[in-house]
Amino acid sequence: MEPRERASRPAGQARFCLLCDSAPGVARAREDPAMNDHDTPFDDLPAEERLFRMRHSAAHVLAEAVLELFPEAKYAIGPPVDNGFYYDFDLPRPLNPDDLVALEARMRVSVERDLVIHGEQIPKAQAREIFKDQPYKLELIEGITDDTVGYFRHGEFHDLCRGGHTERTGQLGAFALDRVAGAYWRGDEKNAMLQRVYGLLFPTAEELEAFRVTREEAEKRDHRRLGRELDLFHLDAISPGSPFYHPKGTVLYNGLIDYMRDLYREYDYSEVITPQLFSADLWKISGHYQNFRDDMFMFEADESEIGVKPMNCPGHCWFFKSGHYSYRDLPLRLAEFTRLHRFERSGVLHGMTRVRSFSQDDAHIYCTPEQFEGEVHRFFEMSQRVYHDLGLGEPLVKLATRPEKFVGEIASWDASERLLGEALTSAGYEYVIAPGEGAFYGPKVEFHVRDAIGRSWQLSTIQIDQAMPTSFGLEYTGADGESHTPMMLHRAILGSLERFIGVYTEHTAGHFPLWLAPVQAVVVPIADRHVEYAELIRTLLKAHRLRVEVDDSNERMGAKIRRAQLQRVPYMLVVGDREQEAEAAAVRDGSGVDLGAMPVTQIIERLAGERDTRALHGAPPVAEG
RNA sequence: GCCGCUGUAGCUCAGUGGUAGAGCAGCUGUUUCGUAAACAGCAGGUCGUGAGUUCGAGUCUCACCGGCGGCUCCA
């Protein structure tokens, strides 16, 4: 039941156009076997198709440049992707940034020449001859079942290609080579590591520039940066992948857990605390020992093998087994927030979004088949509540189906997938299928939510478990007096707290709603003589469980305002002679709006009200110096 | 784990084989100020770690560790 996001995978979102994907079910991009790309004039094509072709042709022009600079280069595949294109190469030496400059310059020569791009179908035998020195192309040719293959060329360059191109190399739009990265041939880590050159491409220079600006904005709200600037958390080499939550970050972490606990009370969940360490026997029963042993922290103690828990489900199953339940006790919804540890491979760690030590808003639901649909609906409803309360948008819903490595019978997988699909439909959701992306023990529904700058993150997930109830021998007594195996659902809404905090920090750019803000208000005394009064205000607000600080530093008011603003404090309470006189404070909100002087009682009412209703202040982030 | 890049003060970054620097943050003092940065001074470093080359290494080489960008993986 792992709600973590996959690393964004441009290729996965690409419309594969090259003859590089022999996987069944991947449709050929071109229906016309003659692949006459130029039936419709380029300028008359829909914008999306034009962009696709520009990016695709740019990949060819890139390969042309690489082959010219490295005549011995072997070229592999180069599709268009989100924001641009890439091409994979096997080169005699690693590329460096200067190479990218040279390659880009060479690409511009091709653009300048405005060469015609020809496409045709040629017999496989001819293709083998043409590409006899190109092992990757030969491998691609062997993967093609047709008698002929697509062959594209412009100038001296030629490529094995399914097509989808501009008419000329002068139609590429605005592009720039971006970076070079490693990538396995055909995405398989057993294969050779190739060098992938990524390029950005947009129809106009303005759009390319806009993309770069957006990317810079995204960097400014990077949770690793904000975590440090807002004193929330940091990661440290002393324990890679294990966050240090600072006091302010701990307020946020506990705030989210408190919120989920409120919902658990409402939705009748039972919170439990189970052990951190379990005998390997438990992991053998659950199947995690066989499937994930290398990704767990295992050690020997007292001559027995112990595993630190990487998830709660086996512990919950053991708990279920330790009691006895009748149908009257179901559904049983076991929730747990204790910390989990996974020995993630070093190269995959990333800020808070991929860590080794984390916690989940995790729960497992044991129910009867009759209760299944209702439970799924309750979960959908609860998830939507959370998204709404946190100011996240409508989710994109995916149904992830049976993976290659799975346990159980195909028939029951099909049944479970059908059940989840029906539950989605009856709840009014449209969804897409994510083939083969289910967990090894069962299919799952994933909710993907877009953040404020358009990135999509997987948050909630609910999964049917077809394996553990049986392997643990779980039973309940039915109304018929007989023993039955319960259905088991894994579910999480926020996913891992760490990942959620990372995503949410970026979504809000650190402007958390007041109920989650580590510091909810800063009192700003104008001069030293106002500090005592400022402390009084803090005391009054503190009595209403508001988190308030007094900035008594030897700074001018402007500097204190600036500091509070940069710290994303929702309210600044300025106090000087006038306010002290009136037993009030001048209120300024986090967006810089001056709300004027308010009596202290009114300030308390406003802030406590905003907290208790979990209001989303909705203040747009202001420009930051 | 794999490919590439990278590591200098808390942060952002200069530093061309020859005595470790700046801005911000911090501390101290002066200033007592009305809505996004007052002024001055002080302090702050085994240049990621360990080897090697060299008369001499922050700088060159190698290994290891961490981080970054990807790939693979993600219960």
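So you know, we letter chains A, B, ... as the sequences are listed, proteins then strands, and number each from 1. It should be emphasised that the depicted structure is a prediction, and the values quoted were computed from it without experimental measurement. Scope of the values below: all heavy atoms of this structure, side chains included, with no hydrogens, waters or symmetry mates.
- Minimum atom distance to the side chain of A:Y198 is reached by B:G70, of the listed B:G4, B:G70, B:G67.
- With rounding to whole Å, A:H490 atom NE2 is found 16 Å from B:C74 atom P.
- Side-chain N/O atoms of A:R345 and base N/O atoms of B:U72 include a donor-acceptor pair closer than 3.5 Å.
- Here B:U35 is the nucleotide among B:U35, B:G69, B:A36 with the atom lying nearest to any side-chain atom of A:A586.
- A donor-acceptor pair is defined here as one N or O able to donate and one able to accept, closer than 3.5 Å; such a pair exists between the side chain of A:R221 and the backbone of A:E506.
- With respect to A:E555 and A:R563, no salt bridge is recorded, no charged nitrogen being found less than 4.0 Å from a carboxylate O.
- Salt bridge status for A:R215 with A:D178: present, with a side-chain N to carboxylate O gap under 4.0 Å.
- The side chain of A:H350 contributes an N or O atom lying less than 4.0 Å from OP1 or OP2 of B:G69.
- Both distances falling under 3.5 Å, in either a Watson-Crick or a G-U wobble arrangement, place B:G41 opposite B:C27.
- Counting distance only, with no hydrogens placed and no angle test, the side-chain atoms of A:E579 and the base atoms of B:G34 include a donor-acceptor pair under 3.5 Å.
- Judged by atom type and distance alone, A:N554 reaches the base of B:U30 through a side-chain donor-acceptor pair under 3.5 Å.
- The backbone N or O of A:T274 lies less than 3.5 Å from a partner atom in the side chain of A:K309, making a donor-acceptor pair.
- Taking the side chain of A:R354 as heavy atoms from C-beta on, and the options B:C74, B:A36, B:U35, the nearest nucleotide is B:C74.
- What separates CG of A:L349 from P of B:C2 is a distance of 14 Å, to the nearest Å.
- B:U19 and B:G15 have their P atoms separated by 16 Å, given to the nearest Å.
- One atom, NZ of A:K190, and another, C1' of B:U72, lie 10 Å apart when rounded to the nearest Å.
- Nucleotides B:C2 and B:C73 are separated by 12 Å at their C1' atoms, to the nearest Å.
- A:A237 comes within contact range of the sugar-phosphate backbone alone, with a heavy-atom separation under 4.0 Å but no base atom that close.
- Taking atom CD1 of residue A:I561 and atom P of nucleotide B:A36, one finds them 7 Å apart after rounding to whole Å.
- Of the nucleotides present, B:A51 is the one that pairs with B:U61 by Watson-Crick or G-U wobble criteria, both distances under 3.5 Å.
- For the C1' atoms, the distance linking B:A20 with B:A57 amounts to 13 Å, nearest Å.
- Counting to the nearest Å, the C1' atom of B:C73 and the CD atom of A:E437 are 12 Å from each other.
- Across all strands shown, B:G67 forms a Watson-Crick or G-U wobble pair with B:C5, both key distances being under 3.5 Å.
- B:U49 sits 15 Å from B:C11 when the P atoms are compared, rounded to a whole Å.
- Here A:Y571 does not reach the OP1 or OP2 of B:U35: none of its side-chain N or O atoms lies under 4.0 Å away.
- Note: NZ (A:K560) to P (B:U32) measures 14 Å, nearest angstrom.
- For B:A36, one of the phosphate oxygens OP1 or OP2 lies less than 4.0 angstrom from a side-chain nitrogen or oxygen of A:R588.
- The distance between the ring centers of A:F85 and A:Y87 does not fall below 6.0 angstrom.
- A donor-acceptor contact shorter than 3.5 Å links the side chain of A:E498 to the backbone of A:S359.
- The side chain of A:R228 has B:C11 as its nearest neighbour among B:G34, B:G70, B:C11.
- The gap from the P atom of B:U53 to that of B:G58 amounts to 16 Å, rounded to the nearest Å.
- Comparing B:G69, B:C71, B:U32 by their nearest atom to the side chain of A:A527 picks out B:U32.
- Note: CG (A:D528) to P (B:C33) measures 10 Å, nearest angstrom.
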Could you give me the CA-CA distance, side-chain angles and deciding distance for A:H288 and A:F440, then say whether ring-ring contact (aromatic ring centres under 6.0 Å, His included) is met?
CA-CA 10 Å; A:H288 291 98; A:F440 74 89; 5.5 Å; yes

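- You'll find that the side chain of A:R562 is closest to B:A36, out of B:A36, B:U72, B:C73.
- Judged by distance alone with a 3.5 Å cut-off, no donor-acceptor contact links the side chain of A:Y184 to the base of B:G70.
- Donor-acceptor pairing under 3.5 Å, judged by distance alone, is absent between the side chain of A:R224 and the base of B:C68.
- Atom CD of A:E555 is separated from atom P of B:G29 by 14 Å (rounded to the nearest Å).
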